[in-house]
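Worksheet: the structure to be examined is printed underneath.
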Amino acid sequence: MTYTNAITVSLPYAEAVARTRQALADQGFGILTEIDVKATFTTKLGAEAGEAIGDYVILGACNPNLASKALAAEPELGALLPCNVVVRSVDKDNTTIEAIDPQTMVQLSDSPQVRDVANDADGRLRAALSSLTEKNLAT
């Protein structure tokens with residue numbers, strides 16, 4: 001089962017994170033949470049664990065209009081929000097960006113409203129990923 005949509009871009013990690021934030025903003029998403037996994041692992045598990053995971057951030061992206069519709073349809077869906085987007089370093093020149101596939105929500109709900117929200121969110125997240133590829137090609 002695939003539960004993310006992913007791309008790998010020829011960008012250094014820091015630039016990929018910045019461009020990902022902008023691509024999400026362009027699609028109406030704000031960042032509610034940010035987890036620096038490398039820093040967390042280093043603090044909780046030691047430097048070796050942090051180095052093993054490498055540069056890795058989880059962005060909790062939320063489009064307020066879509067979240068409002070989803071929660072109005074099924075308040076329990078809050079457990080699946082926000083939409084997580086992972087940015088992780090492959091090497092010094094390449095970064096992978098993975099966004100949750102909102103269709104996962106549809107598999108857990110029979111609600112037509114949830115299906116509509118998932119379809120909209122899916123289109124927006126795919127557009128954000130696509131724009132990163134287009135911007136990457138333009139550099």
| task | Would you tell me whether Ser89 and Thr95 have side-chain atoms, one donor and one acceptor, within less than 3.5 Å of each other? | result | no
| note | CG (Asp120) and CG (Asp122) are apart, to the nearest 0.5 Å, by 9.5 Å
| To the nearest 0.5 Å, how far apart are CD in Glu15 and OG in Ser10? | 11.0 Å
| query | Can you list every pair that meets salt bridge (charged side-chain N to carboxylate O under 4.0 Å, His left out) and has a residue in residues 82-93, with sequence neighbours left out? | reply | Arg88-Glu98
Atom pairs and distances, side-chain donor-acceptor, residues 40-60, under 3.5 Å, sequence neighbours left out:
residue: Thr40; atom: OG1; partner: Asp36; partner atom: O; Å: 3.0
residue: Thr42; atom: OG1; partner: Lys38; partner atom: O; Å: 2.8
residue: Thr43; atom: OG1; partner: Ala39; partner atom: O; Å: 3.0

| Which residues satisfy the salt bridge (Lys or Arg N to Asp or Glu O under 4.0 Å) test with Asp101, sequence neighbours excluded? | none
| said: Are the side chains of Thr33 and Ile31 in contact, using a 4.5 Å heavy-atom criterion? | reply: no
| query | Roughly how far, to the nearest 0.5 Å, is the OG1 atom of Thr96 from the OH atom of Tyr13? | reply | 12.0 Å
| message | Can you tell me how far apart CG (Leu108) and CG (Leu77) are? Round to the nearest 0.5 Å. | response | 8.0 Å
| note | Rounded to the nearest 0.5 Å, the OG atom of Ser130 sits from the CD atom of Gln27 at a distance of 9.5 Å
| Sequence neighbours excluded - side chain to side chain donor-acceptor pair (under 3.5 Å) pairs with any residue from residues 59-79 | Glu74-Ser109
| query | Are any non-hydrogen side-chain atoms of Leu132 and Leu11 less than 4.5 angstrom apart? | reply | no
| field | Interatomic spacing from OG1 in Thr104 to CG in Leu80 - rounded to 0.5 Å | value | 8.5 Å
| task | Check side chain to side chain contact (heavy atoms under 4.5 Å, CB included) between Ala99 and all other residues, then give those that pass, not counting sequence neighbours. | result | Val85, Leu125, Leu129
| message | How close do Pro82 and Ala61 get, counting heavy atoms only, and between which atoms? | response | CB-O, 3.1 Å
| Residues in salt bridge (Lys or Arg N to Asp or Glu O under 4.0 Å) contact with Arg115, at least two apart in sequence or another chain | none
| request: Flag yes if Val37 and Ile100 sit in one hydrophobic cluster, no otherwise; membership is Ile, Leu, Val, Met, Phe, Trp, Tyr, and two members link when side-chain heavy atoms are under 4.5 Å apart. | output: no
| How far apart are the closest heavy atoms of Ala67 and Leu81, and which atoms are they? | CB-CD1, 4.1 Å
| request: Check the pair Thr4, Val86 against side chain to side chain contact (heavy atoms under 4.5 Å, CB included), reporting the backbone distance first and the verdict last. | output: CA-CA 10 Å; Thr4 64; Val86 169; over 6 Å; no
| Is the shortest heavy-atom distance from the side chain of Thr8 to the side chain of Val90 under 4.5 Å? | yes
